Peer 1: 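Sharing a structure with you now.
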Amino acid sequence: MNNSVERLVIASNRLPFIFKKSGNNWKIEAGSGGLVTALAPVLKDRGGLWVGWPGTFELSSISGLLKTASKKAGYTLKSVQITEEEIQQYYLGFSNEVIWPLFHDLQSYCNFDPDYWTFYKSINKRFALILKKATKPKDFIWIHDYHLMCVAQSLREINIKNKLAFYLHIPFPPLDIFSKLPWRTEILFSLLNYDLIGFQSIRDRNNFIQCLKTFIKGLKLKGKGHVINAIINDRIVKIGSFPISIDYKEFSSLAKSKAVADQAWFIHEDIPNNKIILGIDRLDYTKGITYRLRAFQKLLSTHPELHRKLTLIQVLVPSRRNIPMYQELKLEIEQLVSEINGQYTRSGWVPIHYIYRSLSRKELLAYYRTAEIALITPLKDGMNLIAKEYCASNIEKTGSVILSEFAGAAAQMGENVLLVNPYNIDEVAGAIYTAITMDLKTRKNRMIKLQKSIQKYDIYWWLNSFLNAAMAVKLDKFPKLEKIKSTNKLNKNN
Ligand code: F6P
(Lines give C-alpha, C1' and ligand atoms only; values in the text may rest on other atoms or scores of the structure.)
Protein backbone atom coordinates (compact mmCIF):
# COMPACT_ATOMS: atom_id res chain seq x y z
CA MET A 1 0.00 0.00 0.00
CA ASN A 2 1.18 3.49 -0.74
CA ASN A 3 2.25 4.69 2.68
CA SER A 4 1.23 8.21 1.93
CA VAL A 5 -2.44 7.17 2.11
CA GLU A 6 -3.91 6.95 5.60
CA ARG A 7 -7.53 5.95 5.19
CA LEU A 8 -10.30 5.61 2.70
CA VAL A 9 -13.04 8.15 3.33
CA ILE A 10 -16.32 7.65 1.56
CA ALA A 11 -19.11 10.21 1.25
CA SER A 12 -22.47 9.40 -0.26
CA ASN A 13 -25.93 10.87 0.11
CA ARG A 14 -27.03 7.93 2.28
CA LEU A 15 -25.03 6.13 4.94
CA PRO A 16 -24.52 2.37 4.38
CA PHE A 17 -27.00 1.63 7.20
CA ILE A 18 -30.74 2.11 7.29
CA PHE A 19 -32.24 3.52 10.48
CA LYS A 20 -35.87 2.51 10.89
CA LYS A 21 -38.38 3.48 13.55
CA SER A 22 -40.85 0.82 14.61
CA GLY A 23 -43.22 2.10 17.31
CA ASN A 24 -40.99 3.95 19.76
CA ASN A 25 -37.90 1.91 18.99
CA TRP A 26 -35.22 2.35 16.42
CA LYS A 27 -33.83 -0.50 14.35
CA ILE A 28 -30.70 -0.52 12.31
CA GLU A 29 -30.22 -2.59 9.16
CA ALA A 30 -27.18 -2.92 6.93
CA GLY A 31 -27.70 -1.24 3.58
CA SER A 32 -27.39 -3.35 0.48
CA GLY A 33 -25.99 -2.77 -2.98
CA GLY A 34 -22.67 -2.96 -4.73
CA LEU A 35 -21.12 0.07 -3.11
CA VAL A 36 -21.64 -1.17 0.43
CA THR A 37 -20.52 -4.72 -0.42
CA ALA A 38 -17.35 -3.51 -2.08
CA LEU A 39 -16.30 -0.76 0.24
CA ALA A 40 -17.33 -2.03 3.68
CA PRO A 41 -14.58 -4.71 3.90
CA VAL A 42 -11.94 -2.27 2.70
CA LEU A 43 -12.97 0.36 5.20
CA LYS A 44 -13.02 -2.21 7.94
CA ASP A 45 -9.45 -3.24 7.27
CA ARG A 46 -8.10 0.23 6.67
CA GLY A 47 -9.91 1.95 9.51
CA GLY A 48 -11.98 4.14 7.24
CA LEU A 49 -14.78 6.62 7.51
CA TRP A 50 -18.19 6.91 5.81
CA VAL A 51 -20.02 10.23 5.77
CA GLY A 52 -23.68 10.45 4.78
CA TRP A 53 -27.29 11.22 5.64
CA PRO A 54 -28.82 8.58 7.96
CA GLY A 55 -32.24 8.86 6.29
CA THR A 56 -33.93 10.41 9.34
CA PHE A 57 -34.35 13.89 10.80
CA GLU A 58 -34.24 12.59 14.38
CA LEU A 59 -30.48 12.58 14.68
CA SER A 60 -30.37 12.75 18.47
CA SER A 61 -32.50 9.59 18.73
CA ILE A 62 -30.04 7.57 16.66
CA SER A 63 -26.70 8.81 17.98
CA GLY A 64 -26.29 5.75 20.25
CA LEU A 65 -27.25 3.41 17.43
CA LEU A 66 -24.79 5.12 15.13
CA LYS A 67 -21.99 4.41 17.58
CA THR A 68 -23.05 0.76 17.90
CA ALA A 69 -23.23 0.47 14.12
CA SER A 70 -19.75 2.01 13.79
CA LYS A 71 -18.35 -0.49 16.28
CA LYS A 72 -20.00 -3.43 14.54
CA ALA A 73 -18.97 -2.25 11.09
CA GLY A 74 -15.36 -1.68 12.09
CA TYR A 75 -15.20 1.80 10.59
CA THR A 76 -16.50 5.20 11.61
CA LEU A 77 -19.89 6.44 10.51
CA LYS A 78 -20.45 10.16 10.49
CA SER A 79 -23.93 11.49 9.92
CA VAL A 80 -24.80 14.69 8.11
CA GLN A 81 -27.74 16.52 9.57
CA ILE A 82 -30.22 17.64 6.93
CA THR A 83 -33.59 19.24 7.71
CA GLU A 84 -36.88 18.29 6.13
CA GLU A 85 -36.94 21.44 4.02
CA GLU A 86 -33.37 20.84 2.85
CA ILE A 87 -34.20 17.27 1.84
CA GLN A 88 -37.14 18.62 -0.09
CA GLN A 89 -34.95 21.06 -2.00
CA TYR A 90 -31.55 19.34 -2.27
CA TYR A 91 -32.54 15.65 -2.54
CA LEU A 92 -36.11 15.54 -3.88
CA GLY A 93 -35.64 18.83 -5.72
CA PHE A 94 -32.24 19.38 -7.30
CA SER A 95 -30.98 15.79 -7.23
CA ASN A 96 -34.19 14.06 -8.25
CA GLU A 97 -36.20 16.67 -10.19
CA VAL A 98 -33.26 18.19 -12.08
CA ILE A 99 -30.18 15.97 -12.32
CA TRP A 100 -31.90 12.57 -12.26
CA PRO A 101 -34.30 13.19 -15.21
CA LEU A 102 -31.79 15.30 -17.18
CA PHE A 103 -28.98 12.76 -16.87
CA HIS A 104 -31.41 10.04 -18.02
CA ASP A 105 -32.21 12.08 -21.17
CA LEU A 106 -35.69 13.01 -19.91
CA GLN A 107 -35.33 16.77 -20.01
CA SER A 108 -39.07 17.43 -20.19
CA TYR A 109 -39.43 15.90 -16.70
CA CYS A 110 -37.07 18.49 -15.18
CA ASN A 111 -38.10 21.25 -12.83
CA PHE A 112 -35.28 23.80 -13.05
CA ASP A 113 -36.22 25.67 -9.87
CA PRO A 114 -33.37 28.10 -8.98
CA ASP A 115 -33.95 27.57 -5.23
CA TYR A 116 -33.08 23.89 -5.65
CA TRP A 117 -29.60 24.88 -6.84
CA THR A 118 -29.01 27.14 -3.82
CA PHE A 119 -29.90 24.31 -1.44
CA TYR A 120 -27.84 21.79 -3.42
CA LYS A 121 -24.70 23.93 -3.10
CA SER A 122 -25.31 24.52 0.57
CA ILE A 123 -25.72 20.80 1.41
CA ASN A 124 -22.62 19.97 -0.65
CA LYS A 125 -20.79 22.60 1.41
CA ARG A 126 -22.07 20.98 4.60
CA PHE A 127 -20.64 17.62 3.52
CA ALA A 128 -17.34 19.41 2.82
CA LEU A 129 -17.23 21.03 6.28
CA ILE A 130 -17.91 17.69 7.97
CA LEU A 131 -15.25 16.02 5.83
CA LYS A 132 -12.75 18.74 6.72
CA LYS A 133 -13.34 18.20 10.42
CA ALA A 134 -13.27 14.42 10.24
CA THR A 135 -10.34 13.76 7.91
CA LYS A 136 -6.57 13.84 8.07
CA PRO A 137 -4.32 15.32 5.38
CA LYS A 138 -3.33 11.95 3.94
CA ASP A 139 -6.81 10.47 3.69
CA PHE A 140 -8.10 9.53 0.26
CA ILE A 141 -11.57 11.05 -0.08
CA TRP A 142 -13.98 9.36 -2.47
CA ILE A 143 -17.32 11.05 -3.13
CA HIS A 144 -20.21 9.14 -4.70
CA ASP A 145 -22.96 10.10 -7.08
CA TYR A 146 -25.01 12.94 -8.43
CA HIS A 147 -26.14 14.33 -5.09
CA LEU A 148 -22.60 15.45 -4.28
CA MET A 149 -20.98 16.74 -7.47
CA CYS A 150 -19.89 20.04 -5.89
CA VAL A 151 -18.26 18.72 -2.70
CA ALA A 152 -14.71 18.90 -4.11
CA GLN A 153 -15.07 22.56 -4.97
CA SER A 154 -16.26 23.34 -1.43
CA LEU A 155 -13.37 21.31 -0.03
CA ARG A 156 -10.84 23.18 -2.16
CA GLU A 157 -12.39 26.50 -1.03
CA ILE A 158 -11.67 25.58 2.57
CA ASN A 159 -8.13 24.65 1.67
CA ILE A 160 -8.34 20.86 1.66
CA LYS A 161 -5.48 19.45 -0.39
CA ASN A 162 -6.23 15.73 -0.09
CA LYS A 163 -6.61 13.49 -3.12
CA LEU A 164 -10.28 13.67 -4.12
CA ALA A 165 -12.13 11.25 -6.36
CA PHE A 166 -15.70 11.14 -7.63
CA TYR A 167 -17.76 8.32 -9.10
CA LEU A 168 -21.01 8.92 -10.97
CA HIS A 169 -23.36 5.94 -10.62
CA ILE A 170 -25.89 7.28 -13.12
CA PRO A 171 -25.39 8.10 -16.82
CA PHE A 172 -23.86 11.36 -18.03
CA PRO A 173 -26.01 12.84 -20.81
CA PRO A 174 -24.99 13.88 -24.32
CA LEU A 175 -24.01 17.50 -24.97
CA ASP A 176 -27.32 18.75 -26.39
CA ILE A 177 -29.18 17.49 -23.31
CA PHE A 178 -26.61 18.58 -20.72
CA SER A 179 -26.62 22.04 -22.33
CA LYS A 180 -30.16 22.60 -21.04
CA LEU A 181 -28.92 22.68 -17.45
CA PRO A 182 -28.97 26.30 -16.25
CA TRP A 183 -25.94 25.57 -14.02
CA ARG A 184 -23.98 23.58 -16.61
CA THR A 185 -20.70 25.52 -16.39
CA GLU A 186 -20.75 25.66 -12.59
CA ILE A 187 -21.24 21.88 -12.37
CA LEU A 188 -18.43 21.17 -14.84
CA PHE A 189 -16.02 23.52 -13.05
CA SER A 190 -16.98 21.96 -9.72
CA LEU A 191 -16.29 18.47 -11.00
CA LEU A 192 -12.87 19.54 -12.26
CA ASN A 193 -11.80 20.05 -8.63
CA TYR A 194 -11.61 16.26 -8.25
CA ASP A 195 -8.37 14.44 -9.12
CA LEU A 196 -10.22 11.49 -10.64
CA ILE A 197 -13.73 11.38 -12.09
CA GLY A 198 -15.15 7.95 -12.83
CA PHE A 199 -18.08 7.01 -15.07
CA GLN A 200 -19.94 3.76 -15.67
CA SER A 201 -19.10 3.49 -19.36
CA ILE A 202 -17.13 4.96 -22.22
CA ARG A 203 -20.44 6.37 -23.47
CA ASP A 204 -20.81 8.51 -20.33
CA ARG A 205 -17.14 9.43 -20.19
CA ASN A 206 -17.19 10.62 -23.81
CA ASN A 207 -20.36 12.65 -23.22
CA PHE A 208 -18.64 14.36 -20.30
CA ILE A 209 -15.53 15.12 -22.36
CA GLN A 210 -17.65 16.55 -25.14
CA CYS A 211 -19.31 18.89 -22.61
CA LEU A 212 -15.92 19.93 -21.20
CA LYS A 213 -14.64 20.72 -24.69
CA THR A 214 -17.69 22.90 -25.34
CA PHE A 215 -17.96 24.82 -22.09
CA ILE A 216 -14.50 24.94 -20.51
CA LYS A 217 -12.09 27.17 -22.35
CA GLY A 218 -8.37 26.42 -22.14
CA LEU A 219 -8.80 22.76 -21.20
CA LYS A 220 -6.39 20.29 -22.79
CA LEU A 221 -6.95 16.55 -23.12
CA LYS A 222 -4.17 13.98 -23.25
CA GLY A 223 -3.93 10.22 -23.60
CA LYS A 224 -6.24 7.45 -24.69
CA GLY A 225 -7.65 4.26 -23.23
CA HIS A 226 -10.12 4.00 -20.39
CA VAL A 227 -8.54 6.83 -18.39
CA ILE A 228 -7.51 10.09 -20.03
CA ASN A 229 -6.06 13.29 -18.59
CA ALA A 230 -7.66 16.70 -18.68
CA ILE A 231 -5.26 19.54 -17.98
CA ILE A 232 -6.64 22.75 -16.57
CA ASN A 233 -4.66 25.54 -14.91
CA ASP A 234 -1.65 23.20 -14.68
CA ARG A 235 -3.69 20.60 -12.77
CA ILE A 236 -4.29 17.09 -14.08
CA VAL A 237 -7.76 15.62 -13.71
CA LYS A 238 -8.09 11.97 -14.66
CA ILE A 239 -11.32 11.02 -16.34
CA GLY A 240 -12.13 7.36 -16.78
CA SER A 241 -14.69 4.65 -17.34
CA PHE A 242 -15.04 2.03 -14.58
CA PRO A 243 -18.11 -0.19 -15.07
CA ILE A 244 -19.45 -1.17 -11.65
CA SER A 245 -20.36 -4.77 -10.92
CA ILE A 246 -21.55 -7.22 -8.27
CA ASP A 247 -20.02 -9.65 -5.82
CA TYR A 248 -20.46 -12.51 -8.28
CA LYS A 249 -19.25 -15.17 -5.90
CA GLU A 250 -21.67 -14.14 -3.18
CA PHE A 251 -24.67 -14.09 -5.51
CA SER A 252 -23.92 -17.41 -7.15
CA SER A 253 -23.18 -19.23 -3.91
CA LEU A 254 -26.33 -17.90 -2.20
CA ALA A 255 -28.40 -18.80 -5.26
CA LYS A 256 -27.10 -22.39 -5.00
CA SER A 257 -28.29 -22.74 -1.39
CA LYS A 258 -31.08 -25.16 -0.52
CA ALA A 259 -33.28 -22.40 0.92
CA VAL A 260 -33.19 -20.50 -2.37
CA ALA A 261 -33.63 -23.66 -4.45
CA ASP A 262 -36.72 -24.60 -2.41
CA GLN A 263 -38.27 -21.18 -2.73
CA ALA A 264 -37.52 -21.14 -6.48
CA TRP A 265 -39.29 -24.47 -6.80
CA PHE A 266 -42.36 -23.14 -4.97
CA ILE A 267 -42.59 -20.11 -7.25
CA HIS A 268 -42.64 -22.26 -10.36
CA GLU A 269 -44.88 -24.88 -8.80
CA ASP A 270 -47.59 -22.20 -8.48
CA ILE A 271 -47.52 -21.56 -12.22
CA PRO A 272 -46.78 -24.96 -13.73
CA ASN A 273 -46.07 -25.21 -17.47
CA ASN A 274 -45.47 -21.47 -17.64
CA LYS A 275 -42.26 -19.77 -18.65
CA ILE A 276 -41.50 -16.96 -16.25
CA ILE A 277 -40.45 -13.60 -17.59
CA LEU A 278 -39.05 -11.48 -14.78
CA GLY A 279 -38.92 -7.71 -14.45
CA ILE A 280 -37.46 -6.27 -11.24
CA ASP A 281 -37.04 -2.54 -10.87
CA ARG A 282 -37.21 0.33 -8.46
CA LEU A 283 -40.44 2.10 -9.29
CA ASP A 284 -38.92 4.78 -11.49
CA TYR A 285 -39.88 6.39 -14.79
CA THR A 286 -36.40 5.69 -16.18
CA LYS A 287 -37.03 1.95 -16.03
CA GLY A 288 -39.37 1.88 -19.04
CA ILE A 289 -42.04 -0.17 -17.28
CA THR A 290 -45.07 1.06 -19.23
CA TYR A 291 -43.35 0.42 -22.58
CA ARG A 292 -42.41 -3.04 -21.31
CA LEU A 293 -45.99 -3.83 -20.29
CA ARG A 294 -47.25 -2.66 -23.69
CA ALA A 295 -44.69 -4.96 -25.34
CA PHE A 296 -45.96 -7.90 -23.31
CA GLN A 297 -49.53 -6.98 -24.25
CA LYS A 298 -48.50 -6.88 -27.91
CA LEU A 299 -46.97 -10.33 -27.65
CA LEU A 300 -50.16 -11.74 -26.14
CA SER A 301 -52.25 -10.18 -28.87
CA THR A 302 -50.05 -11.43 -31.73
CA HIS A 303 -49.31 -14.89 -30.31
CA PRO A 304 -52.47 -16.36 -28.80
CA GLU A 305 -50.75 -19.78 -28.82
CA LEU A 306 -48.62 -18.46 -25.93
CA HIS A 307 -51.61 -17.83 -23.66
CA ARG A 308 -51.42 -19.92 -20.48
CA LYS A 309 -47.78 -20.69 -21.32
CA LEU A 310 -46.02 -17.63 -19.98
CA THR A 311 -46.27 -15.32 -17.00
CA LEU A 312 -44.70 -11.93 -16.51
CA ILE A 313 -43.68 -11.37 -12.90
CA GLN A 314 -43.15 -7.65 -12.46
CA VAL A 315 -41.64 -6.63 -9.13
CA LEU A 316 -41.59 -2.93 -8.31
CA VAL A 317 -39.61 -1.76 -5.32
CA PRO A 318 -41.14 1.40 -3.79
CA SER A 319 -38.91 4.45 -4.27
CA ARG A 320 -38.98 8.26 -3.88
CA ARG A 321 -42.64 8.15 -2.93
CA ASN A 322 -42.74 11.86 -2.07
CA ILE A 323 -42.21 12.94 -5.65
CA PRO A 324 -45.56 13.44 -7.46
CA MET A 325 -44.27 12.00 -10.74
CA TYR A 326 -43.47 8.71 -8.99
CA GLN A 327 -46.97 8.57 -7.49
CA GLU A 328 -48.53 9.20 -10.91
CA LEU A 329 -46.36 6.54 -12.51
CA LYS A 330 -47.47 3.97 -9.94
CA LEU A 331 -51.11 4.61 -10.84
CA GLU A 332 -50.37 4.44 -14.55
CA ILE A 333 -48.57 1.09 -14.18
CA GLU A 334 -51.30 -0.36 -12.02
CA GLN A 335 -53.96 0.68 -14.52
CA LEU A 336 -52.02 -0.92 -17.34
CA VAL A 337 -51.49 -4.15 -15.39
CA SER A 338 -55.23 -4.38 -14.68
CA GLU A 339 -56.07 -3.57 -18.29
CA ILE A 340 -53.85 -6.41 -19.57
CA ASN A 341 -54.91 -8.85 -16.89
CA GLY A 342 -58.55 -7.89 -17.43
CA GLN A 343 -58.18 -8.59 -21.13
CA TYR A 344 -56.32 -11.91 -21.00
CA THR A 345 -56.87 -13.61 -17.64
CA ARG A 346 -58.55 -17.01 -17.94
CA SER A 347 -59.40 -19.54 -15.29
CA GLY A 348 -56.07 -20.80 -13.86
CA TRP A 349 -53.94 -18.18 -15.65
CA VAL A 350 -53.16 -14.56 -14.79
CA PRO A 351 -50.65 -13.19 -17.33
CA ILE A 352 -49.03 -10.55 -15.08
CA HIS A 353 -48.14 -11.09 -11.44
CA TYR A 354 -47.57 -7.64 -10.00
CA ILE A 355 -45.58 -7.26 -6.78
CA TYR A 356 -45.16 -3.83 -5.17
CA ARG A 357 -42.74 -4.20 -2.25
CA SER A 358 -39.10 -4.88 -1.45
CA LEU A 359 -38.10 -8.53 -1.68
CA SER A 360 -35.99 -10.31 0.90
CA ARG A 361 -32.61 -11.47 -0.37
CA LYS A 362 -33.86 -15.08 -0.44
CA GLU A 363 -36.98 -14.21 -2.44
CA LEU A 364 -35.01 -12.09 -4.88
CA LEU A 365 -32.52 -14.88 -5.53
CA ALA A 366 -35.32 -17.41 -5.91
CA TYR A 367 -37.01 -15.27 -8.58
CA TYR A 368 -33.69 -14.83 -10.37
CA ARG A 369 -32.95 -18.51 -10.20
CA THR A 370 -36.28 -19.74 -11.44
CA ALA A 371 -37.14 -17.19 -14.16
CA GLU A 372 -36.49 -18.32 -17.73
CA ILE A 373 -36.15 -14.76 -19.03
CA ALA A 374 -34.99 -11.51 -17.46
CA LEU A 375 -36.68 -8.53 -19.10
CA ILE A 376 -34.57 -5.46 -18.39
CA THR A 377 -35.63 -2.51 -20.50
CA PRO A 378 -34.70 0.83 -18.90
CA LEU A 379 -35.03 3.91 -21.09
CA LYS A 380 -31.56 4.77 -19.82
CA ASP A 381 -29.49 3.37 -16.97
CA GLY A 382 -26.00 3.95 -15.56
CA MET A 383 -25.27 0.22 -15.38
CA ASN A 384 -28.25 -1.92 -14.24
CA LEU A 385 -26.97 -4.46 -11.79
CA ILE A 386 -30.16 -6.56 -12.04
CA ALA A 387 -28.80 -7.85 -15.36
CA LYS A 388 -25.59 -9.03 -13.68
CA GLU A 389 -27.33 -10.38 -10.57
CA TYR A 390 -29.73 -12.42 -12.71
CA CYS A 391 -26.85 -14.07 -14.57
CA ALA A 392 -24.86 -14.80 -11.39
CA SER A 393 -27.94 -16.47 -9.88
CA ASN A 394 -28.82 -18.50 -12.98
CA ILE A 395 -27.47 -21.76 -11.62
CA GLU A 396 -28.99 -23.97 -14.33
CA LYS A 397 -27.42 -21.67 -16.99
CA THR A 398 -30.53 -21.86 -19.15
CA GLY A 399 -31.90 -18.34 -18.75
CA SER A 400 -31.95 -15.53 -21.31
CA VAL A 401 -31.57 -11.81 -20.88
CA ILE A 402 -33.40 -9.16 -22.86
CA LEU A 403 -31.54 -5.93 -22.25
CA SER A 404 -32.02 -2.30 -23.21
CA GLU A 405 -29.29 -0.96 -25.44
CA PHE A 406 -29.40 2.18 -23.27
CA ALA A 407 -28.30 0.41 -20.07
CA GLY A 408 -24.59 0.73 -19.24
CA ALA A 409 -24.51 -3.07 -18.93
CA ALA A 410 -25.16 -3.38 -22.68
CA ALA A 411 -21.55 -2.39 -23.43
CA GLN A 412 -20.26 -5.42 -21.49
CA MET A 413 -23.06 -7.95 -22.05
CA GLY A 414 -24.37 -6.95 -25.49
CA GLU A 415 -23.01 -9.89 -27.45
CA ASN A 416 -24.75 -12.53 -25.36
CA VAL A 417 -28.09 -10.93 -24.60
CA LEU A 418 -31.02 -9.89 -26.78
CA LEU A 419 -30.46 -6.16 -27.14
CA VAL A 420 -33.55 -4.00 -27.65
CA ASN A 421 -34.57 -0.40 -28.01
CA PRO A 422 -36.94 -0.14 -25.02
CA TYR A 423 -39.09 2.45 -26.83
CA ASN A 424 -39.75 -0.02 -29.64
CA ILE A 425 -42.73 -2.05 -28.44
CA ASP A 426 -42.72 -4.38 -31.47
CA GLU A 427 -39.03 -5.07 -31.08
CA VAL A 428 -39.35 -5.89 -27.37
CA ALA A 429 -42.35 -8.16 -28.07
CA GLY A 430 -40.27 -9.87 -30.78
CA ALA A 431 -37.32 -10.31 -28.42
CA ILE A 432 -39.53 -12.01 -25.83
CA TYR A 433 -40.74 -14.36 -28.54
CA THR A 434 -37.15 -15.08 -29.63
CA ALA A 435 -36.12 -15.75 -26.04
CA ILE A 436 -39.02 -18.14 -25.48
CA THR A 437 -38.24 -20.09 -28.61
CA MET A 438 -34.42 -20.05 -28.34
CA ASP A 439 -32.84 -23.51 -28.27
CA LEU A 440 -31.18 -24.81 -25.14
CA LYS A 441 -27.67 -24.96 -26.59
CA THR A 442 -27.67 -21.30 -27.61
CA ARG A 443 -29.06 -20.25 -24.23
CA LYS A 444 -26.43 -22.24 -22.37
CA ASN A 445 -23.58 -20.95 -24.51
CA ARG A 446 -24.66 -17.38 -23.98
CA MET A 447 -25.21 -17.73 -20.23
CA ILE A 448 -21.83 -19.41 -19.70
CA LYS A 449 -20.11 -16.53 -21.50
CA LEU A 450 -22.07 -13.95 -19.53
CA GLN A 451 -21.25 -15.60 -16.23
CA LYS A 452 -17.55 -15.84 -17.07
CA SER A 453 -17.29 -12.20 -17.92
CA ILE A 454 -19.30 -10.99 -14.90
CA GLN A 455 -17.18 -13.19 -12.66
CA LYS A 456 -13.98 -11.74 -14.12
CA TYR A 457 -15.09 -8.12 -14.02
CA ASP A 458 -16.70 -8.28 -10.60
CA ILE A 459 -17.06 -5.61 -7.91
CA TYR A 460 -13.51 -6.18 -6.67
CA TRP A 461 -12.15 -5.68 -10.16
CA TRP A 462 -14.09 -2.39 -10.30
CA LEU A 463 -12.76 -1.23 -6.96
CA ASN A 464 -9.25 -2.28 -7.85
CA SER A 465 -9.21 -0.46 -11.16
CA PHE A 466 -10.68 2.73 -9.68
CA LEU A 467 -8.27 2.91 -6.75
CA ASN A 468 -5.39 1.99 -8.99
CA ALA A 469 -6.21 4.89 -11.31
CA ALA A 470 -6.64 7.22 -8.35
CA MET A 471 -3.63 6.29 -6.24
CA ALA A 472 -1.40 4.24 -8.56
CA VAL A 473 -1.41 1.36 -6.09
CA LYS A 474 -2.78 -2.13 -6.40
CA LEU A 475 -5.72 -2.92 -4.24
CA ASP A 476 -4.31 -6.34 -3.36
CA LYS A 477 -2.44 -4.57 -0.58
CA PHE A 478 -5.76 -4.30 1.24
CA PRO A 479 -5.66 -7.41 3.44
CA LYS A 480 -9.28 -8.48 3.23
CA LEU A 481 -9.47 -8.15 -0.51
CA GLU A 482 -6.21 -10.05 -0.82
CA LYS A 483 -7.96 -12.87 0.95
CA ILE A 484 -11.03 -12.63 -1.25
CA LYS A 485 -8.88 -12.68 -4.35
CA SER A 486 -6.97 -15.77 -3.31
CA THR A 487 -10.23 -17.54 -2.45
CA ASN A 488 -11.50 -16.62 -5.92
CA LYS A 489 -8.32 -18.06 -7.43
CA LEU A 490 -8.65 -21.24 -5.42
CA ASN A 491 -12.25 -21.68 -6.55
CA LYS A 492 -11.29 -21.10 -10.16
CA ASN A 493 -8.56 -23.75 -10.02
CA ASN A 494 -10.83 -26.33 -8.42
O1 F6P B 1 -28.89 4.64 -9.06
C2 F6P B 1 -28.64 5.74 -8.28
C3 F6P B 1 -29.18 5.61 -6.88
O4 F6P B 1 -28.86 6.75 -6.14
C5 F6P B 1 -28.63 4.38 -6.18
O6 F6P B 1 -27.39 4.61 -5.60
C7 F6P B 1 -29.73 4.09 -5.21
O8 F6P B 1 -29.75 2.76 -4.83
C9 F6P B 1 -30.96 4.45 -5.98
O10 F6P B 1 -30.57 5.44 -6.89
C11 F6P B 1 -32.12 4.93 -5.10
O12 F6P B 1 -31.71 6.00 -4.40
P13 F6P B 1 -32.50 6.86 -3.35
O14 F6P B 1 -33.60 6.02 -2.78
O15 F6P B 1 -31.47 7.19 -2.34
O16 F6P B 1 -32.99 8.04 -4.08
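Computed from a predicted model, the values in this text were never measured in an experiment. Ligands are counted one by one from 1 in listed order, and the atoms in each one are counted from 1 as well. The chain is numbered in sequence order, starting from 1.
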Peer 1: Under the ring-ring contact (aromatic ring centres under 6.0 Å, His included) criterion, do Trp117 and Phe94 qualify, and how do the steps go?
Peer 2: CA-CA 6 Å; Trp117 172 235; Phe94 196 80; 5.4 Å; yes
Peer 1: If I compare all heavy atoms of Ile82 with all of Phe57, which pair ends up nearest, and what's the gap?
Peer 2: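 For Ile82 versus Phe57, the nearest heavy atoms are O-CD2, 3.1 Å.
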Peer 1: Where is the nearest protein heavy atom to atom 13 (P) of ligand 1: which residue, which atom, and how far?
Peer 2: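 Atom 13 (P) of ligand 1 sits closest to the protein heavy atom Tyr91 OH, 3.2 Å.
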Peer 1: For atom 9 (C) of ligand 1, which candidate among Arg282, His144, Gln200 provides the closest heavy atom?
Peer 2: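 It is Arg282 whose heavy atom sits nearest to atom 9 (C) of ligand 1.
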Peer 1: Hey, does the Lys NZ or Arg CZ of Lys330 hover above the aromatic six-ring of Tyr356, less than 6.0 Å from the centre and inside 45° of the axis?
Peer 2: yes
Peer 1: Is Arg361 positioned over the aromatic face of Phe251, cation under 6.0 angstrom from the ring centre and no more than 45 degrees off axis?
Peer 2: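 Yes, Arg361 and Phe251 form such a contact.
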Peer 1: Honestly, is Arg14 close enough over Trp50, meaning NZ or CZ under 6.0 Å from the six-membered ring centre and within 45° of the axis?
Peer 2: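 No, Arg14 does not lie over the aromatic ring of Trp50.
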Peer 1: Distance under 4.0 Å to a non-hydrogen atom of Asp145: what atoms of ligand 1 satisfy this?
Peer 2: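 It comes down to these atoms of ligand 1: 2 (C), 4 (O), 6 (O).
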Peer 1: Classify the ring geometry of Phe242 against Phe466: parallel below 30°, tilted from 30° to 60°, perpendicular beyond 60°.
Peer 2: perpendicular
Peer 1: Could an N or O of ligand 1 be found under 3.5 Å from any N or O of Arg320, whether backbone or side chain?
Peer 2: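 Such a contact does occur with ligand 1.
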Peer 1: Does Arg14 come within less than 4.0 angstrom of ligand 1, counting non-hydrogen atoms of the residue?
Peer 2: yes
Peer 1: Just go through Tyr146, Phe103, Trp100 and tell me whose heavy atom is the nearest to atom 1 (O) of ligand 1.
Peer 2: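 When every heavy atom of Tyr146, Phe103, Trp100 is considered, Trp100 comes closest to atom 1 (O) of ligand 1.
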Peer 1: Check whether any protein heavy atom sits under 4.0 Å from atom 11 (C) of ligand 1.
Peer 2: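 Protein heavy atom within 4.0 Å of atom 11 (C) of ligand 1: present.
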